[in-house]
Amino acid sequence: MRGCRIIIPKSHQAEMLNQIHEGHLGITKCRARARCSVYWSGISKVIEEKIKSCTACIQESSNRHQPLIPTSFPERPWEVLGLDLFKYKNSWYLLISDYY
């Protein structure tokens with residue numbers, strides 16, 4: 001053990017790396033996931049190399065940036081509304097926002 005983390009022997013590091021990377025979460029989230037439970041020397045660099053060489057991660061990171069599409073300002077109240085339905089403490093709420 002290293003603190004509350006399990007030290008992974010070299011023979012099982014590749015398997016653990018695949019489990020850490022399973023959701024294609026990106027470098028930061030995979031490192032955070034590993035920090036919670038496992039350790040081996042150089043784990044941070046290994047995670048970074050794995051994600052930088054993963055085609056799914058590369059494709060996902062390049063598709064994130066989309067331009068904002070501006071909307072025109074409404075001319076009168078209640079002309080354009082935003083709605084959201086959400087649950088909070090076992091009760092459902094409808095949030096209505098007037099863009100005016």
Look at the side-chain heavy atoms of Ile, Leu, Val, Met, Phe, Trp and Tyr, link any pair under 4.5 Å apart, and say whether [X] and [Y] land in one connected group.
{"X": "Leu95", "Y": "Trp92", "value": "no"}
{"X": "Val46", "Y": "Ile58", "value": "no"}
{"X": "Tyr100", "Y": "Leu81", "value": "no"}
{"X": "Val38", "Y": "Leu25", "value": "no"}
{"X": "Ile7", "Y": "Met16", "value": "no"}

Straight-line distance of [X] [atom1] to [Y] [atom2], nearest 0.5 Å:
{"X": "Ile51", "Y": "His21", "atom1": "CD1", "atom2": "NE2", "answer": "5.0 Å"}
{"X": "Ser44", "Y": "Arg31", "atom1": "OG", "atom2": "CZ", "answer": "3.0 Å"}
{"X": "Gln13", "Y": "Trp40", "atom1": "CD", "atom2": "CH2", "answer": "5.0 Å"}
{"X": "Gln19", "Y": "Cys30", "atom1": "CD", "atom2": "SG", "answer": "12.0 Å"}

Taking all heavy atoms of [X] and all of [Y], pick out the closest pair and write down the distance.
{"X": "Ile96", "Y": "Leu83", "value": "CG1-CD2, 3.3 Å"}
{"X": "Leu85", "Y": "Tyr93", "value": "CD1-O, 3.2 Å"}
{"X": "Ala34", "Y": "Ile43", "value": "CB-CD1, 3.8 Å"}
{"X": "Asn90", "Y": "Lys87", "value": "CA-CE, 3.7 Å"}
{"X": "Arg33", "Y": "Ile20", "value": "NH1-O, 3.0 Å"}
{"X": "Arg35", "Y": "Arg5", "value": "O-CD, 3.2 Å"}

Take atom OH of Tyr88 as the centre, draw a 6.0 Å sphere, and report whether it contains more than 12 heavy atoms from other residues, nucleotides or ligands.
no

Is the side chain of Glu48 donor-acceptor paired with the backbone N or O of Ile27 at a distance under 3.5 Å, no angle test?
no

Taking Glu15 for its side chain and His12 for its backbone only, find out whether a donor-acceptor pair lies under 3.5 Å.
no

